[in-house]
Amino acid sequence: MAHSNIAPTLTRAELLAMLRWQADAGVDEAVGPAPWNRFAEAPATAATPAADANAEASAARTARRPAPAAAAPALSVGALDDCADLGSLRARLDAFDGGQLQRFATNTVFGDGAAGARVMLVGEAPGAEEDRQGVPFVGPSGKLLDRMLASIGLVRSDVYIANTLYWRPPGNRTPTPEERNATLPFLMRQIELVGPKVVVALGGPAAQTLLNETQGITRLRGRWFDFRTRAGAAGGLACPALPTFHPAFLLRQPAQKRQVWQDLRAIRAKLDALGGA
Ligand code: URA
């Protein structure tokens with residue numbers, strides 16, 4: 001059957017049945033890097049003059065498809081220095097083109113907490129609940145994180161929480177290095193504006209991104225690193241940083257909580273040694 005656009009020939013019930021079939025097969029969200037109109041595709045048919053015409057039409061449509069928006073080029077060091085507080089940094093992020101990640105997300109998940117927090121925790125990326133609420137670590141991992149903080153006498157209002165990414169990757173896919181790098185300058189400026197005494201990287205992606213490391217979290221965790229927001233450049237903020245396991249990993253591997261307990265005690269000891277409230 002030759003059809004170049006099947007949507008108008010299907011009834012609402014048929015379209016719903018197709019959707020239901022996909023849902024039953026486990027397709028519950030779009031995971032491609034860009035929206036795609038499958039109805040605009042012509043089916044491959046036998047080589048006949050009509051098929052050749054179809055192929056040409058299909059090629060023309062392919063050429064018209066918008067290319068997935070590439071992540072914006074990384075901002076240069078200092079490009080966000082005129083953002084003097086978290087509010088103006090947030091406004092700048094809202095005006096920034098975050099590419100497909102941003103377009104797929106329900107909300108921007110900027111951060112939670114106040115400037116001046118002594119501890120800044122950085123996770124990987126917003127999950128489904130965070131995407132819905134626009135607040136980091138409010139889902140199951142967040143509940144465990146709250147308990148972890150409580151175990152060393154901290155509550156959420158004592159800390160500032162952010163992620164290496166401001167938008168949930170569709171289907172929780174791994175973001176590309178370009179997507180990570182595009183907004184890293186925002187995260188670094190955010191850390192400078194919060195001004196923590198200690199940074200805690202939750203999980204491998206956060207540790208690798210912040211510390212520019214390639215080792216896995218099992219090797220990185222439990223060691224203090226000299227963190228700088230502007231490695232190799234003057235200025236910025238420097239403070240100790242400790243990578244530890246991500247709460248989501250602990251939910252899957254509760255036996256690893258013992259190691260995280262050591263990390264939490266190390267954070268408590270560091271804060272006590274640094275003094276202040
Ligand atoms: N996992 C993260 O890394 N960040 C969140 O905000 C939630 C879950």
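Not measured: the values here are computed from a predicted model. Just so you know, ligand 1 is whichever comes first in the structure, and atom 1 is the first atom listed for that ligand.
- Distances between N or O atoms of N163 and those of ligand 1 include at least one value under 3.5 Å.
- The ligand atoms of ligand 1 that sit less than 4.0 angstrom from a heavy atom of P136 are 6 (O).
- No more than 12 heavy-atom neighbours from other residues, nucleotides or ligands sit within 6.0 angstrom of CZ on R219.
- Q259 and Q262 form no side-chain donor-acceptor contact under 3.5 Å, judged by distance and modelled atom types alone.
- Proximity of E130 to ligand 1, defined as any heavy-atom pair under 4.0 Å, is confined to the side chain (atoms from C-beta onward).
- Counting protein heavy atoms only, atom 2 (C) of ligand 1 is closest to A125 O, 3.1 Å.
- Numbered from 1 in the order shown, with element, the atoms of ligand 1 that lie under 4.0 Å from a heavy atom of E124 read 2 (C), 3 (O).
- Listed by chain and residue number, R221, T244 satisfy the side chain to side chain donor-acceptor pair (under 3.5 Å) test with D263 (two or more places apart in sequence, or in another chain).
- Using a 4.0 Å heavy-atom cutoff, H246 is listed among the residues neighbouring ligand 1.
- Side chains of Y160 and Q190: a donor on one and an acceptor on the other come within 3.5 Å.
- Relative orientation of the Y166 and F110 rings is parallel, given thresholds of 30° and 60° on the angle between their planes.
- Within 6.0 Å of atom CG in D226, 12 or fewer heavy atoms from other residues, nucleotides or ligands are found, so the atom counts as exposed in its surroundings.
- Heavy-atom proximity to G123, at under 4.0 Å, picks out these atoms of ligand 1: 3 (O).
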